[in-house]
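Have a look at the structure below, then the notes.
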There are 2 protein chains.
Amino acid sequence: MGRRRQAVTIKHVAADAGVSLQTVSRVINNEPNVRPAMKERVQSSIDKLGYVPSIAAQRMSGSRSYLILAINDRDLTIADWRAREGRDWVDQMLLGGMLTCAEHGYRMLIELVDTHNDHVERELGAAIAALQPDGVILTPPHSGNPLITGLLAERGIPFARIGSTDPGPGIPMTMGDTHNARIATEHLLDLGHERIGFIAGPSEFSLSDWRIAGWKEAMFAAKLPTKGLCERGDFGFDSGLEAARKLLSLPERPTAIIASSDQMTFAAMQVAREMDLRIPEDLSVISFDNSPIVRFTQPPLTAVDQPIAATASRAVELLIDAKKGQLPTEPVRVKGELVVRGSTGPAPA
Amino acid sequence: MGRRRQAVTIKHVAADAGVSLQTVSRVINNEPNVRPAMKERVQSSIDKLGYVPSIAAQRMSGSRSYLILAINDRDLTIADWRAREGRDWVDQMLLGGMLTCAEHGYRMLIELVDTHNDHVERELGAAIAALQPDGVILTPPHSGNPLITGLLAERGIPFARIGSTDPGPGIPMTMGDTHNARIATEHLLDLGHERIGFIAGPSEFSLSDWRIAGWKEAMFAAKLPTKGLCERGDFGFDSGLEAARKLLSLPERPTAIIASSDQMTFAAMQVAREMDLRIPEDLSVISFDNSPIVRFTQPPLTAVDQPIAATASRAVELLIDAKKGQLPTEPVRVKGELVVRGSTGPAPA
DNA sequence: CTGAAAGCGCTAACAG
DNA sequence: CTGTTAGCGCTTTCAG
């Protein structure tokens with residue numbers, strides 16, 4: 001089988017159609033200045049021969065690579081994969097990103113990068129040099145890493161920053177955290193709850209505060225107090241236990257709690273059990289993720305669905321458009337929605 | 001920002017080190033016939049300039065593309081992603097495949113292909129022409145599709161067939177289904193069970209019968225009967241209900257059931273509940289997957305862990321080695337193991 | 001509107 | 001052991 005070469009190249013098509021390479025190239029890239037008849041003739045040769053351009057060659061001659069890189073945190077991602085606890089962040093990114101890439105003839109490649117490493121720049125730089133992607137999607141915590149955004153900006157590679165609205169290069173995107181927290185709160189309000197506790201994430205994450213803002217907005221609009229009803233955790237189970245204990249020990253106990261992660265929600269449920277509070281009769285809880293496992297708890301959790309797939313899809317579209325020179329500078333918001341299940345109910349009388 | 005070009009190329013390195021391009025190329029590819037001193041000099045230029053070869057250019061000049069394609073069934077994969085029921089097959093493939101690729105300077109790219117489509121060949125052919133991968137990993141049901149294996153063989157692209165041991169081109173690989181079924185059965189045997197039912201998958205899947213064989217082997221070795229104790233399902237929940245009802249209505253009711261999928265195991269548990277059988281006191285069950293959700297049932301399921309990550313990792317290694325001309329023709333077996341949780345217990349007295 | 005020439009970054013083949 | 005030469009398949013100039 002020897003050295004593998006392209007089975008059918010642009011030359012074959014050109015010969016078959018009796019035109020120059022250039023004309024074929026123009027047809028492939030859907031460029032103007034080709035007479036319809038000519039275009040059709042070339043296209044039929046392409047179809048007949050089953051020609052598909054080599055992206056390596058396209059990239060070589062200074063054109064696009066048709067590759068979008070989705071960068072995730074190495075340690076977090078591998079930990080999730082190994083833990084097998086059903087977190088499907090990567091799958092959702094693939095679902096949204098890959099399918100949208102495919103629609104445009106692009107491919108999506110996942111790349112794991114270690115943020116906490118001194119070599120971030122080297123690692124990312126190497127990936128970029130090797131792959132020459134046409135666009136990069138950054139997820140937290142990379143989205144806010146100036147080493148990364150700086151490198152990308154410097155090399156002129158369009159990129160999206162999911163979960164970051166800071167000014168600077170790259171397309172800022174959010175999954176509508178403020179909005180999501182608001183609708184979660186409003187759902188509880190509609191059920192008659194008046195004391196609604198909030199377990200937030202750590203302040204290092206911008207989205208933690210965005211969510212608090214959404215909760216406060218809704219409470220404020222309903223003229224309800226929020227003071228003392230917000231505790232912070234670190235997204236993990238133990239921090240959730242502590243926060244929930246504080247909230248549920250308040251003299252005027254909340255009748256509902258919104259927690260900023262599945263783990264913290266599970267923790268709140270455990271504290272409720274310890275205190276003999278039934279869910280949802282005595283306490284309603286809402287989780288701020290919607291990973292697969294929330295359906296398998298007792299009761300299944302009402303949860304904010306983070307629109308990961310939709311966001312990835314949108315990011316890909318924006319990145320592909322970016323070659324035409326237009327990047328939005330206003331943050332792009334893809335809103336999530338509330339999935340109501342059994343963990344929320346009417347406020348106790 | 002203009003047309004993006006490689007920041008630092010082999011030319012820069014060659015100039016910096018004062019050698020020819022070829023010598024740099026030899027160093028990059030770790031080829032022989034370079035004096036250590038020379039090699040070191042070149043390497044230090046590479047490090048100094050932060051040079052990373054462009055895989056597009058490498059591929060262009062007839063060398064490797066450093067790309068491995070993992071082909072999954074489009075419909076099944078998208079359905080899993082959308083369902084968000086925690087199936088993490090793709091993640092496990094990435095965990096095993098991507099990390100192993102990374103170790104060797106390769107990347108893994110997921111490609112979804114529709115088996116049931118007339119255009120399989122066109123679809124796959126296009127992906128291959130565009131990407132020129134150095135190797136392809138096929139998963140069921142593609143592994144046994146002669147259109148696909150034929151195309152790959154014809155183009156001389158090394159590939160692994162996971163879940164297929166048929167003769168023919170490509171590296172046949174299994175996840176040790178026979179072995180896995182045997183150890184699951186033996187676990188029950190050790191717990192004193194003598195009537196062990198088996199809910200198999202459809203016969204269209206080779207692995208269904210491999211698993212039956214493992215169960216029978218263990219039963220036979222223990223001189224226990226299997227007649228009438230095996231029912232078939234289609235891996236889905238409803239088929240599991242039917243199979244479980246038959247088994248649990250037997251005059252001599254089995255005290256344990258092994259089912260070939262999570263869904264069929266859930267079905268068996270539901271039938272048990274309907275019949276007021278406690279798990280594991282009255283009935284032990286073992287699932288034949290180990291997807292994340294099996295830990296969240298009541299009780300958590302004892303399950304066979306399919307070594308997806310390990311298999312993908314092995315496949316990548318074999319594929320990378322394949323360029324050296326050596327492909328195993330004997331099926332490569334990567335065995336799974338049993339994860340014991342709460343759904344299995346001593347046989348009832 | 002179409003074609004010809006030049007070159008992208010790298011490696012294979014062949015010389016020295 | 002090292003260097004030179006010729007492309008790989010495609011797109012970008014720049015001429016017609």
Side-chain angles (χ1 to χ4, degrees), chain A residues 2-42 46 49-66 105 126 128-132 134 323, chain B residues 2-42 45-46 49-67 105 126 128-132 134 323:
Chain A
R3 203 155 82 274
R4 227 165 43 251
R5 296 244 280 284
Q6 192 86 336
V8 26
T9 74
I10 198 170
K11 280 185 187 169
H12 299 115
V13 177
D16 184 85
V19 299
S20 73
L21 303 186
Q22 199 35 252
T23 305
V24 179
S25 174
R26 290 197 176 98
V27 173
I28 297 166
N29 296 296
N30 206 20
E31 279 170 15
N33 298 343
V34 183
R35 235 178 312 169
M38 177 102 280
K39 181 166 180 170
E40 199 175 321
R41 179 146 61 99
V42 172
I46 290 176
L49 302 176
Y51 167 71
V52 177
S54 148
I55 66 166
Q58 295 188 126
R59 169 62 249 181
M60 275 304 294
S61 47
S63 158
R64 284 152 291 169
S65 65
Y66 295 98
I128 287 172
L131 264 9
Q132 319 243 72
D134 291 337
K323 64 165 193 290
Chain B
R3 204 156 80 275
R4 221 163 51 249
R5 295 246 277 286
Q6 193 85 338
V8 26
T9 74
I10 197 170
K11 280 185 187 167
H12 300 115
V13 178
D16 184 86
V19 299
S20 73
L21 302 186
Q22 198 39 250
T23 304
V24 179
S25 175
R26 289 195 178 100
V27 173
I28 296 166
N29 296 294
N30 205 20
E31 280 170 16
N33 298 343
V34 183
R35 233 180 314 171
M38 179 102 277
K39 181 167 180 170
E40 198 175 324
R41 179 145 61 100
V42 173
S45 286
I46 290 177
L49 302 176
Y51 166 71
V52 177
S54 148
I55 67 167
Q58 294 188 127
R59 168 62 249 180
M60 275 304 293
S61 47
S63 156
R64 284 151 290 167
S65 66
Y66 295 98
L67 252 32
I128 287 172
L131 263 8
Q132 319 244 74
D134 291 336
K323 65 165 191 292

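Everything numeric here is computed off the predicted structure, so don't read it as measured data. Here is the naming used below: chain letters follow the sequence lines, and residue numbers restart at 1 for every chain.
B/S65 and B/Q132 make their closest contact through OG-O, 2.6 Å (heavy atoms, listed as atom of the first residue, atom of the second, distance).
Rounded to whole Å, the distance from OH on A/Y66 to P on D/dG9 is 18 Å. Protein atom CD1 of A/I10 is 14 Å distant from nucleotide atom C1' of C/dA4, rounded to whole Å. Atom CD of A/E31 and atom P of D/dT11 are 8 Å apart (whole Å). Summarising the geometry, the separation between CD on A/E40 and P on C/dT2 is reported as 13 Å, rounded to the nearest angstrom. If you measure from atom CD of A/Q132 to atom P of D/dC10, you get 18 Å, rounded to the nearest angstrom.
Side chain of B/A57, nearest nucleotide from D/dG3, C/dC10, C/dT2: C/dC10. The side chain of A/R35 approaches C/dC1 more closely than any other nucleotide in the set C/dC10, D/dT12, C/dC1. Here C/dC1 is the nucleotide among C/dC1, D/dC1, C/dT11 with the atom lying nearest to any side-chain atom of A/N33.
Under 4.0 angstrom from either OP1 or OP2 of C/dC10 there lies at least one side-chain N or O belonging to B/Y51. Regarding contacts with the backbone of D/dC10, every side-chain N or O of A/K11 stays at 4.0 angstrom or more from both OP1 and OP2. Here A/Q58 reaches the OP1 or OP2 of D/dT11: one of its side-chain N or O atoms lies under 4.0 Å away.
Taking 4.5 Å as the limit, every side-chain heavy atom of B/P36 sits out of range of all side-chain heavy atoms of B/K39. Considering only heavy atoms from C-beta on, B/I10 comes within 4.5 Å of B/I28 through its side chain.
Sequence neighbours left out, the pairs with a member in residues 7-28 of chain B that pass salt bridge (charged side-chain N to carboxylate O under 4.0 Å, His left out) are B/D16-B/K48.
Shown here are the ring pair (Phe, Tyr, Trp, His ring centres under 6.0 Å) partners of A/Y51, two or more places apart in sequence or in another chain: there are none.
Residues of residues 20-30 of chain A that place a heavy atom closer than 4.0 Å to DNA chain D, in numerical order, are A/Q22, A/S25, A/N29.
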